[in-house]
Amino acid sequence: MEISRPQAPAPTPEELADLDKLKAVIDRAVADGKVTQGELAQIRQVVTHDGKITPQEVELYRTLIIEKINKGELAWDLE
């Protein structure tokens with residue numbers, strides 16, 4: 001399901017840099033096919049470092065982690 005936000009302002013250059021950093025952290029976390037507690041904590045730290053969570057950050061997390069888990073392409077390793 002795609003969510004459209006036609007009234008939402010375009011991301012700032014700082015937000016775009018944050019998204020690039022988040023994508024890199026997520027890509028490293030999922031490279032082995034599982035997400036550990038430490039990797040999840042690192043993702044949370046990157047997302048919340050500026051005190052806000054943008055819709056674009058949520059969308060990246062959803063598409064790069066949650067959807068892959070739901071499809072069986074990725075697993076949690078939270079022990």
Apply side chain to side chain contact (heavy atoms under 4.5 Å, CB included) to Leu22 and Val47, showing your working. CA-CA 7 Å; Leu22 176 60; Val47 169; 3.7 Å; yes
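For Ile69, the side chain to side chain contact (heavy atoms under 4.5 Å, CB included) criterion is met by Ile65, Leu74, Trp76, not counting sequence neighbours. Every residue meeting the side chain to side chain contact (heavy atoms under 4.5 Å, CB included) condition with Thr48, not counting sequence neighbours, appears here in chain and number order: Ile53. For Arg44, the side chain to side chain contact (heavy atoms under 4.5 Å, CB included) partners are Leu40, not counting sequence neighbours. Judged as a side chain to side chain contact (heavy atoms under 4.5 Å, CB included), and not counting sequence neighbours, Gln45 has no contacts. Scanning for side-chain hydrogen bond (donor to acceptor under 3.5 Å, both in side chains) contacts around Thr36 gives Glu39, with sequence neighbours left out. Under the salt bridge (Lys or Arg N to Asp or Glu O under 4.0 Å) criterion, Lys23 pairs with Asp27, not counting sequence neighbours.
No donor-acceptor pair closer than 3.5 Å links the side chain of Glu67 to the backbone N or O of Arg62.
Here the CD atom belonging to Gln42 is positioned 10.5 Å from the CD1 atom belonging to Ile26, to the nearest 0.5 angstrom. Considering CD of Glu59 and CD1 of Ile66, their distance stands at 11.5 Å, rounded to 0.5 Å.
Leu19 approaches Leu60 most closely through the heavy-atom pair O-CD1, 3.6 Å.
Counting only residues at least two apart or on different chains, the salt bridge (Lys or Arg N to Asp or Glu O under 4.0 Å) pairs with a member in residues 9-22 are Glu15-Lys52.
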